[in-house]
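Some notes on the structure that comes next.
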Amino acid sequence: MNYKNPDEYGYYGEFGGAFIPEMLYPNVEELQKKYLDIIESEDFQREYQDLLKNYVGRSTPLYYAENLSDKYQTQIYLKREDLNHTGAHKINNALGQVLLARHLGKRRIMAETGAGQHGVATATACALLGLKCIVYMGEIDIQRQAPNVARMKMLGAEVIAATSGSKTLKDAVNEALKDWINNPVTTHYVIGSVVGPHPFPDLVARFQSVISKEIKEQLHEQTGRQNPDYVIACVGGGSNAAGAFYHFVEEENVKLLAAEAGGHGIDSGMSAATTFLGTLGVLHGSKSLVMQTKDGQVIEPHSISAGLDYPGIGPFHANLFKEKRAEFFSINDDEALKSAFELTKLEGIIPALESAHALAVLEKKSFDPKDVVVICLSGRGDKDMETYLKKLEDGSLKMEV
Ligand SMILES: *Cc1c(COP(=O)(O)O)cnc(C)c1O
C-alpha cells in the first residue's frame, strides 16, 4: 500500500478527492496541474530551502529528553518544532505556499485560522514576500486567541471574523472558500493543514515532510540508527503528524501513534476525536471522516486547544486509521493539561496545548526501555498561557509531578 502519495485524483485509499463547487474548479485545477512542477523546480527549492534555514531557523533540534525518559523508562526524543520562527510547524507550510502563490502570479493571499498560529504564519510569510493577506477567523477564536490576532494585525493582515455556526475554525474555512469563489484569479488560498480538496493535502504534507526528513538524519547522527520505534504526534487536521510520519510511513517497523483531542471525553458530546466519532463524509472539499449527524450536518467539536478543535481529519490520516497503519488515541483536556505541566516541570519547556496531547500518549501506552520514541513538539505554549495560568490559580493542577 502506498500511504504517502495520493492517486491522480487525490485519493488515499477511499479518502480524498476534490469535492468543490463548480465555480472553484478552475482554481483547484490550476493548482493540480502546476504544483508539483513548481515546488520541485530548482528555482523554488533554492529559495525555499534558504528561507527554511536562515529565516525559519531549521533544522530544529531533535532533543533527547533525559528527565522525561527517566520518568517513562524509555528513550524519548522531542522534535522541537516549537523553536521555529512564529512558534510552531505551521510556518513550513505557509512559507512554501506563499512562495508557490508568487510563482503562480497571485498577489492576494487568503487563509483561515483556528488557534491563530496558521494566520500568524501566513501573515508573516506575506510580510516577508510582499503580498496582501486576508485571514478569516471564527469570532470565538478571535476572543480566545487575542495575542495572535494582535500579531496578525501588526504583520499587516486583515483579520475578518467568521460569525456563522460555532464561530470557530470550520466556519472560518467556509468563509475562506466563499472568498476564493469570489476572487478566483487574483487569490491563492493558503490552507493550513492536510485538509481541503486535492492537491492541498499532498501539497501541505510535502512542505511539512521536512520534519521527518530531519528526524531521520538527526537520529542517525545521535544514535547510529535512522528509524525510531515510535513516532507520536497530535492531529487536528493532521499537518504536523503528516510531516512527522511522512518518511516513516512506508517503513513497517516504525509504529505511528496519533493523538486526537478527546475534549471532555468521547461520549461527553464535547469532543473533537474524529476517528472515534466520525463517519464517511465530505467536509471542506475532501471525502474523509467527519463528525456529523445522520443527515450530514457537522457536529460542533470541542477541545481545550483551538488548534485541535476541528470536526474532520485529513484524508492521509483517515486512510492510516482505516488501514490500521497508525494507532489513534483520544486525549482529554485534563490529560493534555497534566502533560503540559509535566513537560514544563521536567524539561523546562512549555508546550502548546496541542502538542501536550501528543505527550499524553506516554501515559496511555507502555514502552520498552530500549525503545526510541520521537514526539513531535508541534508548538510552544506562549499562546496558551492564559489557560495554563487559570489552571494554576484554581489549584486543580499542582506543579508537582
Ligand atoms: C495548528 C496546530 C496543530 C494542529 O494542526 P495540524 O495540522 O494537525 O498539525 C498542532 N499543534 C500546534 C502547535 C498548532 O499550532
Side-chain angles (χ1 to χ4, degrees), residues 60 78-94 97 111-122 124 135 137-138 141 144-145 147-148 151-152 168-170 172-173 190-196 200-201 203-205 207-212 231-246 258-261 272-275 284 288 301 303-318 320-321 326 328 331 336 339-340 343 349-360 375-384 387:
T60 60
L78 303 176
K79 182 56 175 162
R80 299 289 309 274
E81 292 302 298
D82 60 316
L83 293 177
N84 283 323
H85 179 44
T86 69
H89 64 292
K90 296 229 168 66
I91 190 78
N92 304 329
N93 167 54
Q97 282 202 51
E112 88 297 331
T113 194
Q117 294 294 98
H118 174 57
V120 169
T122 306
T124 299
V135 180
M137 189 168 186
D141 290 336
R144 47 180 186 177
Q145 305 289 341
N148 275 342
R151 276 182 203 114
M152 284 183 266
T168 58
L169 180 57
K170 74 172 173 57
V173 179
V190 179
I191 290 187
S193 190
V194 286
V195 299
F200 282 103
L203 179 65
V204 178
F207 286 139
Q208 294 295 357
S209 69
V210 64
I211 298 173
S212 50
V231 181
I232 310 178
C234 67
V235 176
S239 70
N240 87 90
F245 293 171
Y246 200 82
E260 288 186 306
T274 307
T275 58
H284 301 142
S288 190
S303 168
I304 192 168
S305 71
L308 302 184
D309 202 351
Y310 186 65
I313 185 173
F316 175 95
H317 295 288
L320 296 185
F321 174 73
F328 282 72
I331 305 296
S339 292
L343 185 74
I349 299 170
I350 301 177
L353 263 169
E354 292 83 3
S355 321
H357 287 70
L359 293 162
I375 302 176
C376 186
L377 202 70
S378 53
R380 65 177 86 127
D382 304 23
K383 69 185 177 55
D384 299 309
T387 309

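Whatever order the structure lists ligands and atoms in, that order sets their numbers, starting from 1. Please read all numbers here as calculations on a predicted model, not as lab measurements.
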Quiz item: With a 4.0 Å heavy-atom cut-off (strictly under), which part of D82 contacts ligand 1: side chain, backbone, both or neither?
Solution: neither

Practice problem: Could you see which bit of H89 sits under 4.0 Å from ligand 1, with heavy atoms only: side chain, backbone, both or neither? | Solution: side chain

Exercise. Evaluate the criterion side-chain hydrogen bond (donor to acceptor under 3.5 Å, both in side chains) for residue pair T60 and K79; output intermediate values, then yes/no.
Key: CA-CA 7 Å; T60 60; K79 182 56 175 162; 2.9 Å; yes

Quiz prompt | Nearest neighbour of atom 5 (O) of ligand 1 from the list K90, K383, E354, on a heavy-atom basis | solution = K90

Exercise. Mark the output for C234 as yes if a heavy-atom distance to ligand 1 is under 4.0 Å, and as no if none is.
Key: yes

Quiz item: Under a heavy-atom criterion of less than 4.0 Å, does Q208 contact ligand 1?
Solution: no

Any donor-acceptor N/O pair, [X] side chain to [Y] backbone, under 3.5 Å:
X: R380; Y: D82; answer: yes
X: Q145; Y: G114; answer: no
X: E354; Y: G307; answer: yes
X: E260; Y: T274; answer: yes

Practice problem: Would you indicate whether the side-chain heavy atoms of I211 and H89 approach each other to under 4.5 Å? | Solution: yes

With heavy-atom distances below 4.0 Å as the criterion, list the atoms of ligand 1 near [X].
X: G379; answer: 13 (C)
X: S239; answer: 6 (P), 7 (O), 8 (O), 9 (O)
X: A352; answer: 13 (C)
X: G307; answer: 4 (C)
X: S193; answer: 6 (P), 7 (O)
X: Q117; answer: 15 (O)
X: G236; answer: 8 (O)

Quiz item: Please walk me through it: do S355 and S378 pass side-chain hydrogen bond (donor to acceptor under 3.5 Å, both in side chains)?
Solution: CA-CA 5 Å; S355 321; S378 53; 2.7 Å; yes

Exercise. Could you tell me whether L308 and ligand 1 have an N or O pair separated by under 3.5 Å?
Key: no

Quiz prompt | Contact (N/O only, under 3.5 Å) between N240 and ligand 1 | solution = yes

Practice problem: Would you please indicate if the ring centroids of Y310 and H284 are separated by under 6.0 Å? | Solution: yes

Quiz prompt | Worked check of side-chain hydrogen bond (donor to acceptor under 3.5 Å, both in side chains) between N93 and Q208 | solution = CA-CA 6 Å; N93 167 54; Q208 294 295 357; 5.6 Å; no

Exercise. Considering heavy atoms of the protein only, find what lies nearest to atom 12 (C) of ligand 1 and give residue, atom and distance to 0.1 Å.
Key: S378 OG, 3.4 Å

Quiz item: Is any NZ, NE, NH1 or NH2 atom of the basic residue among D384 and R144 found under 4.0 Å from an Asp or Glu carboxylate oxygen of the other?
Solution: no

